[in-house]
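Here's the structure, in structure tokens; my notes come after.
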Amino acid sequence: MTSSDTPVLHELRNVVKRFGGVTAVNDLSMTVNRGTVHGLIGPNGAGKTTVINLITGLFDVSSGSILFQGQRTDTLEPHRIAALGISRTYQNVRLFSGMSVLEQVLTGCYLGRGTSLFASFLGTPDARRKWKASRETAMHLLERVGMADRAGELAETLSYGEQRRIEIARALGSDPKMLLLDEPTAGMNHAEASEIGKLVHELRDSGLTILMVEHNISLVTEFCETCTVINFGQLLAEGTPRTCIDNPDVQTAYFGKKRDALGL
Amino acid sequence: MTLFLEQLVNGISLGSLYALFGIGFGLVFATLGVLNVAHGAYASWAAILGYFSVDYFGVPFPAAVAIGVLGGGLIAVTVDQIGFQPLRGRKTGMLGALITSIAFLIILDSLAGMATNHQSWAFPSSSFPSGMVDLGLIRIPEMQIIIIVATLVCGGGIYALIQKTGIGAAMRAVGWNAEAAALSGVNPRIVILLTAFLAGATSGLAGVLGGAATSNISYMLGEGLLLKGFAAVVVGGFDDVRGTVIAGILLGICEVFVAQYLSTTYRDGFTYVLLLTFLVARPRGLFGSRDFMRA
Amino acid sequence: MEALLDFWYAYSATLAFGLVNSLFALSMYSVLSAGILSFTTVVFAAVGGFAAAQMMGTFGLPLWLAVVIAGLLGGLASAIIAALFLKLETHWMALASLALILISRVVVLNTPSLTGGVMGMVVPVRASVLELAVLLAIVSLVFFRLHKSWYGLAIRAVREDAAAASTMGVSARQIQMIAFLISGVVGGLAGAAMATTLQYISADTFYLGVAFTMIASTVLGGSFFWFGPIVGAFVFTALPTITQAVLPEIQDIAKGVVLLVIMIYLPRGLIDPRARGLRKAARQRQQSALNGSDAVEARPGSSTAGHAHD
Amino acid sequence: MNMLETSKRTLLSAVYMAVALGIAAPAHADPDAGEYRIGMISDDSGPIASAGQSYHQGADIAVAEINSKGLAGEGVTLALDIKDSGSDAARAVQAMTQFGSDRGILATTCCILSAIAAAVSPIAMSNEVPLVIYGATRASLPQEPYVTSVVALPGPQEVAMSERLAAELKPQKVAYFLSGDNDIFKARAMAMKEVIEKSGAATVAEISTLSADTDFTGPATQGIATDPDLIVVMTTQQPTVGIITALRQRGYEGTIVTSEVLSPPAIFKKSGETITGIPFALSFQPGVSDSEAAVAFIDAYKAQYNALPDVYAAQGYMAIQFIAQGLKTLSGKPTRQDLAKAMWGTSDIAVNPYGGQPMESGQARTPNTLIVNWTKDGEVKLWEKP
């Protein structure tokens, strides 16, 4: 079975993650189809970011397996997973201190640099050409997120919303097949969030698959085609956003605790 | 047999000094996250202050010990407040505090060198318990008994303080997570000051007692203690006072016997190889807790 | 003219030690800039120093050949040590590297056939200031190119946030391994430079004193750009010479006080590229506030505080 | 490089001048009146500062005496330019380079540690400045013509002392405390062992200690357990005092013999009774040395520092006297080259507190040997069989 035969791009199979005595993710299975925007939702502390960390290899799974394009990734190191084409942003923006906006995105282009570290050190003509190309890619990505005019500035001096956009540009630098967005609209007002939504749809239309962690269900119904709801690390519901919200378990999980989280 | 037993006591006494010194070093590392290379300077200064108080003011030995201990503690608190306090809350990690402590090592050692005229002094043998105790089979110097008892008392006391009291719980909490410590309701400032003082005071006690027992009061006294105390802490496990005491004593015994039966030149090598082995193969030490990692 | 020449010769030794200490500091910087606090430079320098001394003394090799061999052996030593150390958590690596310095001193003392043991070794060749300057220039060029290359970008990312960098495809292990190798080669060169400047080396030449000096130089000058350690090394080398001329009693204390003041008021060192960006941003904020336009909401420094935890 | 050419020029002009002067004034004349600076790299701080300060003070006394008595010539005065090395080789090398390139410095003196002496000697040679080594005892340090040493090589004194001890005490079982990291002290101990073993005494223990050690309870216990009737302690100063203290505290009452490291008054102030009666050999000791020069030196030192000079002070004193003596033989404007040649050719140091100090090829030969010990009242007297 070659990977392009099936609509499934990414899959979690019975994944368990324990920290000491605490089970953060419990027997979770989940599939993400090619070219879709998939939402991963759940109340606070449901284990959403843990799932993202498991997918990107920052955490090792305790048991179960993770497959990307049919290939197991749960035993790979994070940089190998990134090389397969999975890229991500962080819930609490993690840009590199001391780097300019352009440098942040250039770092994101590391995988697509097309030259060896040694050639780049020597500054061979080819390496120079490739470097210039990467720079252009980075500038282009910055234009896409509307940050091109801030390219020379120190990223950490920009506003939170701007930093989030830079982070998305950085994540796109490696030309990924799948993009994981961890609460991309946290701390944004509705107008800013809509802009992100527009960007997400543009990216999907250009062929990217997106897995988006969201806390706010109303945004999920707006952005996502399919979604998975988890609570206490366990699967609660899956399907279209609508069917998920109508699921009684999801209702209890949300309404039982925090009614306004639905925003309905 | 007599030789063996006497050497054993020598080793225990030597190791007790390492342990006594190491307790504070480990405490500061585990609680405050500072790898404090100036810890040895506290011992030197305590010994020097104790010696001066005997030499110039003729105070009795117990008072000299008290002065040294108090002095060591106060210097440690001063160093902490001048040097380490401004770094807290900044993202300088271990490096910042290490550099500051190197700065204090240079400053305190230089000042100690000036104070002693760069010479080595000794408590007059009449001013401290320099006799021998006859235990039938073996004879032991009085100072060795004092050192061993002092280490056990200090080690036990500090262990009880950390494990059984509210402030001890707060100290442990600071080591794990400063925010959790704030939640426990104890003022973190008090925890910091207390930890620094205890560390300086125990280092000072090791300095005065060691200085008296070895007839060597000098500005370099702390340096030797620092390297061996460091080894004791690593082998014992950073966050466990019991581990430090046991590892320190074991190290002392090993040193004495390696020197006697193998060679002096291998003695230090033995200690340091043991140190490296533990760092690489078992970083939590003999008794350290499994999950302890300074973040 | 004579006076100028005299001045040059009087301080040529200080200059020479400044150059040597710069190499030590750059070796330290190489690993520090990958987020690793390791003092193993001293061990690499011991390997390089004694190797160079043997090459020139016993085998009569010329200076530059001996220096190159010293660098290679330093690199070899670093490969072995890195393989052992890179799996350690950072704090433990710092401690392990200190332990390794203590051990290597014992080894040096107990292998007289290689190192002269307690007698130490006399080095028959002295490197001129010019030769040392050329060596530092070559090493500086390497660091300059590294900084400008993909490696430079990757190592900054690894240092600031290794986990985030790894999700961008940067292998922290690979970068840190390269950093260690560079540190080893430069450390070996530093050892050879020290040997040919002092013309006498022993176990004490490569011990804790030089470890403290090089870390202090690196932090003083700034460990965020390769030029920082060089500046720091020169300041730290010249300081005692200057204070000796003014107030000889306090030369050591002055060193400590300078270090302390820097740590408290300039914790990122004298050379800090980030400070320029921050100043620029501050200026812009002021400007926009004056223009009455919408103020930029900045959260400096907060963006990188996260950890790889949920 | 330029430096070399400059100094070649000076050398040439010096030769011309010397020739010219030689023709004009065949009779001996003093050097030109004026102040000449001597660079001294001291050990005023650092691990061996206690000895270092003695050398420094001895040198100061010599300068005062030379200047007041005109020992270096009519109207010729010396001034010491001190740079403290803290016993750090790198600092010593920097200091030596500065002295070497400072034209105002006529000669230099340095170094207790052989390691540092080895490091600064090549600089003295390449800068063509006379260097008088005091303190450092390694063989073959002098280099013609610039580097000379006023320190006699160790050995003969130990041998003399060992012969006397073996003859008078007739020890049967001897234990040796050696230095594991100081080859010179180790060699001295071995020289003694050879003599003592030849007299028929058995070696019951050889216990090695390190210079940085402070705890000697283990070694002392080990030594006493072999029940020796003579213990030889041949290590650097701190360990020597520590070992003797530990031996006595543990109740060893037999004879201990050691080296001149025990001689400084500060050691008696520190250790008092513990070290009384322990013989050691040296060449100079206040209260024993009674030559005119020795008495003058002791009086001057006492007047200046309100303390008695030790053997280290005597060496520092002699280093400067040696330079002054060389200087006195020159005439006109003295150059470093002429001074070095004059000093290299000196066959004995005239003003010395030893009662004679022969020199040979820039190297001091062993002067007289005094075997002394501390008494209870804090005086040093010739040792007598107890």
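Every chain is numbered from 1, with letters handed out A, B, ... down the list of sequences. As the structure is a computational prediction, the values presented were derived from the model and not from experiment.
Between B:Leu225 and B:Tyr18, some side-chain heavy-atom pair lies under the 4.5 Å cut-off. The closest side-chain heavy-atom distance from B:Arg88 to B:Leu32 is below 4.5 Å. Put simply, the side chain of C:Val108 does not reach to within 4.5 Å of the side chain of C:Phe206, judged on heavy atoms. Contact of the C:Ile271 side chain with the C:Phe224 side chain is not registered, since no non-hydrogen atoms from C-beta on lie closer than 4.5 Å. When side chains are defined from C-beta on, B:Asn36 counts as touching B:Phe84, because their heavy atoms get closer than 4.5 Å. Looking at heavy atoms from C-beta onward, C:Phe24 lies in side-chain contact with C:Val210 at the 4.5 angstrom threshold. Between C:Pro240 and C:Lys255 the shortest side-chain heavy-atom distance falls below 4.5 Å. Contact check for B:Phe21 versus B:Thr202: no side-chain heavy atoms found under the 4.5 Å cut-off.
Side-chain atoms of B:Glu255 do not come within 3.5 Å of backbone N or O of B:Arg267 as any donor-acceptor pair. Distance alone, capped at 3.5 Å, is enough to place a donor-acceptor pair between the B:Thr31 side chain and the B:Leu27 backbone. Judged by distance alone, with hydrogens and angles left aside, the side-chain atoms of C:Asp272 form a donor-acceptor pair with the main-chain N or O of C:Arg274 at under 3.5 Å. Counting only distance, with no hydrogens or angles, the side chain of C:Ser217 and the backbone of C:Pro229 share no donor-acceptor pair below 3.5 Å.
Identified by a heavy-atom distance below 4.5 Å to chain C, the contributing residues of residues 100-112 of chain B are B:Thr100, B:Ile102, B:Ala103, B:Phe104, B:Leu105, B:Ile106, B:Ile107, B:Ser110, B:Leu111, in residue-number order. Among the residues in residues 36-46 of chain C, those with a non-hydrogen atom closer than 4.5 angstrom to a non-hydrogen atom of chain B are C:Leu37, C:Phe39.
Interface check for chain C: of the options B:Leu227, B:Ile99, B:Leu275, B:Leu98, the most heavy-atom pairs under 4.5 Å are formed by B:Ile99. Among C:Leu109, C:Ile215, C:Val258, C:Val107, the residue making the largest number of heavy-atom pairs under 4.5 Å with chain B is C:Ile215. Contact tally against chain B (heavy-atom pairs below 4.5 Å) for C:Leu259, C:Ile253, C:Leu84, C:Leu95: the top residue is C:Leu95. Among C:Leu100, C:Leu102, C:Leu98, C:Leu208, the residue with the largest count of heavy-atom pairs under 4.5 Å with chain B is C:Leu102.
Both the backbone and the side chain of C:Ile264 come within less than 4.5 Å of a heavy atom in chain B. Of the atoms belonging to C:Ile262, not a single heavy atom falls under 4.5 Å from chain B. Contact of B:Phe230 with chain C is made through the side chain alone, with heavy-atom distances under 4.5 Å. Using a 4.5 Å cut-off between heavy atoms, C:Leu32 touches chain B through its side chain atoms alone. In this structure, chain B has a heavy atom under 4.5 Å from the side chain of C:Val219, while its backbone stays farther away.
The pair B:Lys228-B:Asp268 meets the salt-bridge criterion, with a side-chain N (NZ, NE, NH1 or NH2) lying under 4.0 Å from an Asp/Glu carboxylate O.
Within a 6.0 Å sphere centred on OH of B:Tyr266, other residues, nucleotides and ligands contribute 12 heavy atoms or fewer.
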